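Note sheet for the following structure.
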2 protein chains.
Amino acid sequence: MAATAPRRRGPRRATTEGEILDAALALLDQGGATAVSVRGIAARVGVAPNAVYTYFPDKAAVVKALVERLLSEVNHDVFADRAQPWRLRVEALALELRQRLTAHPGVVQLMISGPVTGPQALALHEALLELLDDAGLNPADAPRASYLLFVYIVGSLALVVADVEEPGPLPPEAGWIARRRQALAKTPADHYPRAATAAATRAAYISTEQYLWGLHRLLDGIATSAQPSIEQRARDAIHQDGHSSPHNTPATSPLH
Amino acid sequence: MAATAPRRRGPRRATTEGEILDAALALLDQGGATAVSVRGIAARVGVAPNAVYTYFPDKAAVVKALVERLLSEVNHDVFADRAQPWRLRVEALALELRQRLTAHPGVVQLMISGPVTGPQALALHEALLELLDDAGLNPADAPRASYLLFVYIVGSLALVVADVEEPGPLPPEAGWIARRRQALAKTPADHYPRAATAAATRAAYISTEQYLWGLHRLLDGIATSAQPSIEQRARDAIHQDGHSSPHNTPATSPLH
DNA sequence: ACCTGAACACCGTTCAAGT
DNA sequence: ACCTGAACACCGTTCAAGT
């Protein structure tokens, strides 16, 4: 795709494709997903609105490229170490993605405004498949599990971001939860007794702790059904049954 | 909220608040989330754009009311039967929500454009908490599990809807998957070997079957960690330990 | 190849005015 | 209470024209 362009030797005037994405990112960060506009980008770059169409066919292409750029900032090293237990590696991936994407809250909305099929998204998918293969999942379950994890991660972020109405960076977690607790305390106990009782827990839905709690339940579910049992793995060591191929890690939960 | 208005006796001119939501829904169904505009609604109702502001303070309020209306169409009966195993009940809820929301694909984007806190959303939350309580989850885990399920359901629907770019009703599943398989077959095996091998499975990510597969893993994870084991439940029948209160259902997976 | 001016068909929202 | 005309500050995209 990115053919080695002739690279003009004149001093000013940068790549201008990167400039456009820089401008789009700046708009995203200060105004949220709705603030990313072709006209806004053009104004920031210092150019007429339609000049953007020299580099991108339409706004959707700009958004797609922006999503790819942010996905490219995900550090694959944090979950690449095959000596680590697979659960810890998945957890590292989930936390890394959460951190990178919540740093630009609006990007989640942009991501789910169209199919996520760019090279960076595919590379992440590939890495996760590798990871789950290392975990001993069979080839039929690994992709299913990878999508399950992706759905959970994206869904979590989408709901977290949706909870704040003002654009800009997400508020610090502690104060955010406190504010939610205050609001949820008004839940009418006569109509919604259980929701009212659980108000404090509900306030923490947007927390990293809830995020990890859910992830661990999910990993339990994947391990339970898609990994061989301890007894089965013992037998596997002698007689392979073609359904599973345990590699290196035990199915212990790291934090639970 | 809905105080009994004087109800004019003149023949024409309906509630006009419902008319607005009808128009918004029609726009949503034929043009997707982006087609829901104040001006479009006004044109459909046959009124000046600013007339909408007589009934709603802003567009966000219209969207919120529309989401609530669609959530109100969710049939609680399909998961209300306490004689049914809890897993089947959760599955019924998940399928009911999926069916209702995919009937109006754009609504998922509208839902996650702001906090989901209306009465209908709360009622659903309450019902799910009741259900998980029936399942024997302790009061600390039930709300966490309910949010986990909600995240999964909403995340799944968001990604399913994001996969189609044209607005309007979702395509029939079989042809949709076939089209995806055709596209994913082009995955370069040299760069993404596992993703390429799993192309057929990836094509079915948007299927109801994958949706249920993920849900079952999730239920396994919830049952494993938050429900007492079989032995523990046997002991529970005699000696209550205050951590769990099993009611009526075994932890068998219905479809797996 | 890269950019512009001008235009088209849209947005959400406000304000003053009318009934 | 309910609605309108007019306006303001925005959108994405196209087209013909310029360098």
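In what follows, chains are A, B, ... by sequence order, proteins preceding strands, each numbered from 1. Since the model is a prediction, treat every value here as computed from it, not as a measurement.
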Under 3.5 Å between N/O atoms: give me all the protein pairs with nucleotides 8-12 of chain D, atom names plus distance.
from: D/dC11; atom 1: OP1; to: A/Ser37; atom 2: OG; distance (Å): 3.2
from: D/dG12; atom 1: OP1; to: A/Val38; atom 2: N; distance (Å): 3.0
from: D/dG12; atom 1: OP1; to: A/Lys59; atom 2: NZ; distance (Å): 3.4
from: D/dG12; atom 1: OP2; to: A/Val38; atom 2: N; distance (Å): 2.9
from: D/dG12; atom 1: OP2; to: A/Arg39; atom 2: N; distance (Å): 3.1
from: D/dG12; atom 1: N7; to: A/Arg39; atom 2: NH1; distance (Å): 2.6
from: D/dG12; atom 1: O6; to: A/Arg39; atom 2: NH1; distance (Å): 2.6

**Item:** Full working for side chain to side chain contact (heavy atoms under 4.5 Å, CB included) between B/Ile112 and A/Val161
**Value:** CA-CA 8 Å; B/Ile112 59 190; A/Val161 170; over 6 Å; no
**Asked** Counting heavy atoms not belonging to B/His76, are there more than 12 under 6.0 Å from its NE2?
**Response**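 Yes.
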What's the spacing between [X] [atom1] and [Y] [atom2] if we round to 0.5 Å?
{"X": "A/Ile41", "Y": "A/Leu27", "atom1": "CD1", "atom2": "CG", "answer": "6.0 Å"}
{"X": "A/Glu96", "Y": "A/Arg89", "atom1": "CD", "atom2": "CZ", "answer": "14.0 Å"}
{"X": "B/Phe56", "Y": "B/Glu17", "atom1": "CZ", "atom2": "CD", "answer": "4.5 Å"}

**Asked** Any side-chain heavy-atom pair from A/Leu215 and A/Leu149 closer than 4.5 angstrom?
**Response** yes
**Asked** B/Ile20 has an atom CD1; how far is it from atom P of D/dC2, in whole Å?
**Response**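 It works out to 10 Å between those atoms.
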**Prompt:** Rounded to whole angstroms, how far apart are CD on B/Glu17 and C1' on D/dC3?
**Reply:**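 Atom CD in B/Glu17 sits about 16 Å away from atom C1' in D/dC3.
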**Asked** Which ranges of DNA chain D pair up as stems, where a stem means three or more consecutive Watson-Crick or G-U pairs with both distances under 3.5 Å?
**Response**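 Stems for DNA chain D, defined as runs of 3 or more consecutive pairs: C:4-8 with D:12-16, C:12-16 with D:4-8.
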**Prompt:** What distance, rounded to whole Å, do you find between the two P atoms, one in C/dC10 and one in D/dA9?
**Reply:** 22 Å
**salt bridge (Lys or Arg N to Asp or Glu O under 4.0 Å) pairs, two or more places apart, involving residues 55-70 of chain A** = A/Asp22-A/Arg69
**Asked** Using a cut-off of 4.0 Å on non-hydrogen atoms, how would the nucleic acid contact of A/Ala51 be classed: base, sugar-phosphate, or nothing?
**Response**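 Result for A/Ala51 = base.
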**Asked** In this structure, which one of A/Ile177, A/Ile206, A/Val164 forms a side-chain contact (heavy atoms from CB on, under 4.5 Å) with A/Pro171?
**Response**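 Going through A/Ile177, A/Ile206, A/Val164 one by one, the side-chain contact (heavy atoms from CB on, under 4.5 Å) with A/Pro171 is satisfied by A/Val164 alone.
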**Prompt:** Taking only residues two or more places apart in sequence or in another chain, which ones pass side-chain hydrogen bond (donor to acceptor under 3.5 Å, both in side chains) with A/Ser37?
**Reply:**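 For A/Ser37 there are no side-chain hydrogen bond (donor to acceptor under 3.5 Å, both in side chains) partners, ignoring immediate neighbours.
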**Prompt:** Who pairs with B/His125 by ring-ring contact (aromatic ring centres under 6.0 Å, His included), at least two apart in sequence or on another chain?
**Reply:**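 Expected list: A/Tyr205.
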Distances for protein N or O near nucleotides 15-19 of chain C N or O, under 3.5 Å:
from: C/dC15; atom 1: N4; to: B/Asn50; atom 2: ND2; distance (Å): 3.3

